[in-house]
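Data first, discussion second: the structure below is written as structure tokens.
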Amino acid sequence: MVHGRLAWSQEMLTIERHSPRPSSPTEIPVDGRRLLLPPSCFADGVSTMLSSQALPHIVYGARGLATLAERPEPSAPQALERLLGFPRGRLLTLLAEPASTTELAHRHGVTPAAISQHLSVLRAAHLLERTRHGRHVRYRRSALGAALCTPHSADAPES
């Protein structure tokens, strides 16, 4: 099934229309032409482009779009993970953009207290800077932290 509003029966494709105003049934013979069924990220339901002169198109909403706009989290360079450990390496990598302890805890799926411990260690090593905005403290990489997050040729897999 492509979409709940499309049905194929006895060599006829039926499109159920939901419109505020009633429309008369329209039959457009395909007559041996191809029927194009492109999925779209931008379609909400089913959209038709039917004409007796052009190839018939029926655009439907693509499935599985929940993660389309998500960006994968950056991974720490291997050398950084070996130096700092996976949690701190990942945390330093995520801090390319300033973030608060609570934001980082949410992204890591751990408690703010656990993040705070890692942030304290990274800050003591001069890998982070913090700035206060009202009641919120935001952390970001220092120049040294940013340099450590830059992949180097030593990170490349050995052949």
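Quick note: residue numbers are just sequence positions, from 1. If you're wondering where the values come from, they're calculated on a predicted model, not measured in any experiment.
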Shortest non-hydrogen pair, Ser142 vs His126, comes out as OG-O, 2.7 Å
Taking atom CG of Leu95 and atom CD of Glu129, what is their separation to the nearest 0.5 Å?
11.0 Å
Interatomic distance, CG@Leu148 vs CG@Leu80, rounded to 0.5 Å, equals 6.0 Å
Is there a donor-acceptor contact under 3.5 Å from the side chain of Ser120 to the main chain of Ser116?
yes
Please lay out, stage by stage, how Leu94 and His108 fare under the test side-chain contact (heavy atoms from CB on, under 4.5 Å).
CA-CA 10 Å; Leu94 287 174; His108 272 273; 3.4 Å; yes
If Ile, Leu, Val, Met, Phe, Trp and Tyr residues are connected whenever their side-chain heavy atoms lie under 4.5 Å apart, and connections chain through other members, are Leu91 and Leu83 in the same group?
yes
Residues which pass side chain to side chain contact (heavy atoms under 4.5 Å, CB included) with Pro98, listed by chain and number, not counting sequence neighbours
Arg138, Arg140
Could you measure the distance from the CZ atom of Arg90 to the CG atom of Leu84? Nearest 0.5 Å is fine.
14.5 Å
Leu127 and Leu92 have their tightest heavy-atom pair at O-CD1, 3.6 Å
Interatomic distance, Arg88 atom CZ to Ile115 atom CD1 [nearest 0.5 angstrom]:
10.5 Å
Thr101 pairs by side chain to side chain contact (heavy atoms under 4.5 Å, CB included) with which of Leu119, Val137, Thr111?
Leu119
Is there side-chain contact between Tyr139 and Thr131, with heavy atoms separated by less than 4.5 Å?
no
Side-chain heavy atoms of Glu103 within contact of Ser100, under 4.5 Å:
yes
